[in-house]
Amino acid sequence: MEIVADTGTGPITDVDVRRLYAWPEAAVTGAATWVRCNMVMSLDGVIAGPDGQSASIATPIDKQVFLALRRDCDVILVGAGTARTEGYRPAAAPIALVTRTLDLHLDMPLFAQATDATPRTLVITTDEAAAAAPAWLLDAADLLPCGASEVDLPRALAELRRRGMARVHCEGGPALMTSLIADHVLDELLLTVTPVLIGAGPRLVHELIGAADAAFTQVLTEDGTLLLRVAFAPAVGS
Ligand SMILES: NC(=O)c1ccc[n+]([C@@H]2O[C@H](COP(=O)([O-])OP(=O)(O)OC[C@H]3O[C@@H](n4cnc5c(N)ncnc54)[C@H](OP(=O)(O)O)[C@@H]3O)[C@@H](O)[C@H]2O)c1
């Protein structure tokens, strides 16, 4: 356990973030997938402000760590709801979007702002949805059909690793994180708790999924914000 009190020595750098949030060696070499989810919540457990955006509950240090973490991964995994609400754009790492409905549009910034220099977006969906995918989407993204009528996340993760993406950095949202926990494929939650009270609003996970066996492995405070690493126990038999 690493506990770092707020020393007031200045912002956490990218180098600090790489050290404090180091990936397991097996994920670095590609021998095994490691899935981490980075989320921010208010002191009372709400994950979006009244405007529906997570940015409105974030603090400068959370934003800084969020940006540094997504620069240090093989793929950014995100639910379609978050991509739609938060206006996802292409990033340094490829974005893998999870969607059951394939309710996507060419004018979404993720597709509209893509260039030859940006990594190609991956769309993880069902076989049924992929069979009816529009031509523009086949042009704009690589489709990964994984499961007949439901997305099989373990299969999707295996496919990502086959493509050299073992360091999977998930940015939520709650529905996707709930599925990852239910499927026992979430290894770690990187949770920022910010000192704001929101009241009503969406929570970290969508529905009761039973007790998840987890442990805090790192606790940092920086600039009045709490930055936690929480490890989930591997599934029995895995
Ligand atoms: N505080 C934070 O750190 C944080 C992070 C992310 C998001 N958020 C907030 O969370 C809210 C969005 O919540 P959300 O639960 O809708 O987000 P979400 O999990 O990103 O999106 C849900 C959608 O993603 C797809 N999806 C998720 N899991 C799936 C699965 N297992 N199989 C197939 N498709 C799956 C589905 O897309 P289709 O509808 O296309 O089938 C589903 O409707 C927003 O207010 C956002 O700002 C907060």
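Source: prediction; values computed, not measured. Counting starts at 1 for both ligands and their atoms, following the listed order.
Remark: distances from the non-hydrogen atoms of Arg84 to ligand 1 include one below 4.0 Å. Within the structure, ligand 1 has Glu86 among the residues with a heavy atom less than 4.0 angstrom away. Residue contacts with ligand 1: Glu150 is excluded, as none of its non-hydrogen atoms falls under 4.0 Å.
Under the 4.5 Å side-chain criterion, counting only non-hydrogen atoms from C-beta, Pro195 is in contact with Thr59. Side chains of Leu69 and Val17 form a contact here, defined as non-hydrogen atoms less than 4.5 Å apart. Under the 4.5 Å side-chain criterion, counting only non-hydrogen atoms from C-beta, Val151 is in contact with Ile124.
Within a 4.0 Å radius of atom 42 (C) of ligand 1, the protein contributes no heavy atom.
Here Glu159 pairs with Arg163 in a salt bridge; the nearest charged N to carboxylate O distance falls below 4.0 Å. Ion pairing between Arg71 and Asp14 holds under the 4.0 Å rule for side-chain N and carboxylate O.
Close approach of ligand 1 to Ala48 is summarised as follows: ligand atoms under 4.0 Å from at least one heavy atom of the residue are 45 (O). Listed by number with element, the atoms of ligand 1 under 4.0 angstrom from any heavy atom of Val151 are 32 (N), 33 (C). Atoms of ligand 1 lying under 4.0 Å from any heavy atom of Ser54, numbered from 1 in the order shown and given with element: 1 (N), 2 (C), 4 (C), 47 (O), 48 (C). Listed by number with element, the atoms of ligand 1 under 4.0 angstrom from any heavy atom of Val40 are 1 (N), 2 (C), 3 (O). Atoms of ligand 1 found under 4.0 Å from any heavy atom of Thr82 (numbered from 1 in listed order, with element): 6 (C), 7 (C), 17 (O), 18 (P), 20 (O), 21 (O). Close contacts of ligand 1 with Leu176, meaning ligand atoms under 4.0 Å from a residue heavy atom, involve 19 (O), 27 (C), 28 (N). Each of the atoms 5 (C), 6 (C) of ligand 1 lies under 4.0 Å from some heavy atom of Glu171. Close approach of ligand 1 to Gly52 (heavy-atom distance below 4.0 Å) involves ligand atoms 44 (C), 45 (O), 46 (C), 47 (O).
Some N or O of His206 is nearer than 3.5 Å to an N or O of ligand 1, by distance alone. At a 3.5 angstrom cut-off on N or O pairs, Arg100 counts as close to ligand 1. Considering backbone and side-chain N/O atoms, Thr101 comes within less than 3.5 Å of an N/O atom of ligand 1. Checked against a 3.5 angstrom limit, the closest N/O atoms of Met39 and ligand 1 fall outside it. Polar contact check, Ala175 against ligand 1: a nitrogen or oxygen pair lies under 3.5 Å apart.
Under the 3.5 Å distance criterion, the side-chain polar atoms of Thr125 are left unmatched by any main-chain donor or acceptor of Ala130.
Residue Ala80 touches ligand 1 through backbone and side chain together, judged by heavy-atom distances below 4.0 Å.
Donor-acceptor pairing under 3.5 Å is lacking for the side chains of Thr225 and Thr194.
The one candidate from Leu77, Leu110, Leu122 that meets the side chain to side chain contact (heavy atoms under 4.5 Å, CB included) condition with Leu97 is Leu110.
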